[in-house]
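Order of appearance sets the numbers: ligands from 1, and atoms from 1 within every ligand.
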Amino acid sequence: MVSFTTSLLTSIPLVASVASAFSAPAAHYGNYSIVNGFFKQSDNSTDPKTFDYKENLGLQDNLTWSEFKDQIDDLNANADLRVDYKVFFFARHAEGYHNVAQDYYGDDAWNCYYSLIYGNGTSEWGPDAYLTEKGEAAAVNNSKLIKSLIADEFPLPQAFYSSPFTRAADTLVLTWKDLVLDTGYASPIFKESLRETIGLHTCDQRRSKAYLSARYPQFQFEHGFITAETDLLWTKDEQETDEGKFYRARSFLDDVFASDDSTIVSVTAHSGIIAGLLSAVGHRKFSLATGAIIPVVVKRESRVDFVPVQQDFSVTIGPSSTAPTCATAISSTIPSDIAYSTTSVNEAKSVLTVTTVVSATATSN
Ligand SMILES: *[C@@H]1O[C@H](CO)[C@@H](O)[C@H](O)[C@H]1NC(C)=O
Ligand SMILES: *[C@@H]1O[C@H](CO)[C@@H](O)[C@H](O)[C@H]1NC(C)=O
Ligand SMILES: *[C@@H]1O[C@H](CO)[C@@H](O)[C@H](O)[C@H]1NC(C)=O
Ligand SMILES: *[C@@H]1O[C@H](CO)[C@@H](O)[C@H](O)[C@H]1NC(C)=O
Ligand SMILES: *[C@@H]1O[C@H](CO)[C@@H](O)[C@H](O)[C@H]1NC(C)=O
C-alpha cells in the first residue's frame, strides 16, 4: 500500500466582485471510477425510476452481503500499490418541509419564488428545513431495513459522514441510532463539503455550529468547521453551479481517501451534492428519492508521480442553475407586491474562491 502524508487544507472565503470563468485545477492526485457488477444501480439496464432501494439496497441477485464483503476485501488485498477500493453508502435525507412545499407549489413557482422565502405562514422550510413526520417515519423504516439485512452479514459502515443540515443528521440518527450511535460503534462527522447546493434556497441555509453541537451531542465536527453564527457561504442572490458541486464533492472524496482507512463509508446528504459525488466518481446519473440509500463501489488510483502544488481555483457561483425565467413562471399564486427580480440573480457576479493546499508524500513500503 502507498502511505500518504497528506495535509489537505481547504478554505472557502467568499470574494466579491472578482468575475472570472470557472477554471479547474490542472493536476490532481488521483482518479476515481466505479466498479460495476455489484449493484443494480450502477448497471445501465436498471431504470432509476422503478428501482427500489428497499430491495436489498440494490445488491445484485447473484451475491450475498457476505460474498460482497469478501470480494471487496479481495480487491483491496490484491490491488496495485496505488489503488484503493471503498464502498460508499450514499443516503439522501428523508422528506423535509421544503420537499412538501416544492410538490405543493410545483417546480416553477418553487424555484422562482417560494424557495427564496422562509415559509408561507403555516409551513416553514427555511433556514434548514426540518424533516416532516413522514420523513422521520421513513428514516425509522430504513433502520428496520438495515437491521433485517444484518442477519445476512450486511457489512456495517465503519465511518459515518453527515451534511451539516438537520434533515440529513436527523435521517442519520433515526437510521443508525441503536446500531451505531447508542452502542458507541461510531461517531458521525459533520462535513461542510456535504451540504446541499449553496445559495438562493432558504432551505439550504445552514444553522450554526452551536445549534448543531447542542442538537447532536454524539457527532463530531471536521477540523476547521466554520463556527460563525450566520452561514457565511450562503447568499440570497447566487447559487453554486454544478461544476462547483463537482469540485466540492471531489474535495470530500480526496479528504476521505487520504484520512480514513475505512473500507465501508456512510454518507448522509442531499440530492444535489449526491449527484456531484456520483459524477465525481464516474457513476452514471442516478436520482435518489427522499430517504433512498444506494451503495456504490469506488476505485481510486493515486498518482505516485503527482507533484503537490498549491492549487488556486475559482468557482463562479450564479447565475442560478435552477431559478427559471420568472417572467413566465410568475403566476397568480405569487403575491404581486413581491419585488423579486431575476436580473438581480442573473447579473450577480461574485466568486467563491476555493484554495486547496495539497501536499502528499508518497512512500512505498
Ligand atoms: C452477477 O450478476 C451481475 C449482473 O447481471 C453480473 O454483472 C456479474 O458478473 C455476476 N457475477 C457473478 C459472479 O456471476
Ligand atoms: C454504461 O453506459 C455508458 C455510456 O453509455 C458506458 O460508457 C458504460 O461502459 C456502460 N457501463 C456498463 C457497465 O455497461
Ligand atoms: C403552505 O404550504 C403548505 C405546503 O408546504 C400547504 O399545505 C399550506 O396550505 C400552505 N399554506 C398557505 C397559507 O398557503
Ligand atoms: C414504513 O413502513 C410501514 C410498514 O411497512 C409502511 O406502512 C409505511 O408506509 C412506511 N412509512 C414510510 C414513511 O415509508
Ligand atoms: C487518470 O485518468 C486520466 C484520463 O483518463 C489518465 O490520462 C491518467 O493517466 C489517469 N491517472 C492515473 C493515475 O490513473
Member of Phe68, Trp65, Tyr85 meeting the ring pair (Phe, Tyr, Trp, His ring centres under 6.0 Å) criterion with Phe38: Phe68
Lys40 bridged to Glu55 by N-O distance under 4.0 Å: no
Nearest neighbour in protein (non-hydrogen) for atom 5 (O) of ligand 1: Gln60 OE1, 4.4 Å
Side-chain heavy atoms of Asp108 within contact of Tyr113, under 4.5 Å: no
Nitrogen or oxygen of Tyr97 less than 3.5 angstrom from that of ligand 3: no
Close side-chain approach of Leu75 and Val83, heavy atoms under 4.5 Å: no
Contact bool for atom 14 (O) of ligand 1 (protein heavy atom, d < 4.0 Å): yes
Protein non-hydrogen atom below 4.0 angstrom of atom 2 (O) of ligand 4 present: yes
Atom 7 (O) of ligand 3 - nearest protein heavy atom and its distance: Tyr104 CE1, 4.0 Å
Asp260/Lys86 salt bridge by N-O under 4.0 Å criterion: no
Side-chain H-bond candidate by donor/acceptor type, Thr175 with Asn142, under 3.5 Å: no
Any side-chain heavy-atom pair of Arg167 and His270 under 4.5 Å: yes
Top protein contact for atom 11 (N) of ligand 3, by heavy-atom distance: Thr122 OG1, 2.7 Å
Closest approach of any protein heavy atom to atom 9 (O) of ligand 1, naming residue and atom: Asn62 ND2, 4.9 Å
Interfacing atoms of ligand 3 (cut-off 4.0 Å, heavy-atom, Tyr105): 1 (C), 2 (O), 10 (C), 14 (O)
Asn120 and ligand 3 - part of the residue with a heavy-atom distance under 4.0 Å: both
Those atoms of ligand 3 less than 4.0 Å from some heavy atom in Ala101: 5 (O)
Trp176 vs Thr183 side-chain heavy atoms within contact, under 4.5 Å: no
Asn141, any N or O under 3.5 Å of ligand 4 N or O: yes
Numbered atoms of ligand 4 (with element) below 4.0 Å of Lys134, judged on heavy atoms: 13 (C)
Distance filter under 4.0 Å to Ala138 heavy atoms, resulting ligand 4 atoms: 13 (C)
Distance-only side-chain donor-acceptor flag, Glu95 / Thr290, under 3.5 Å: no
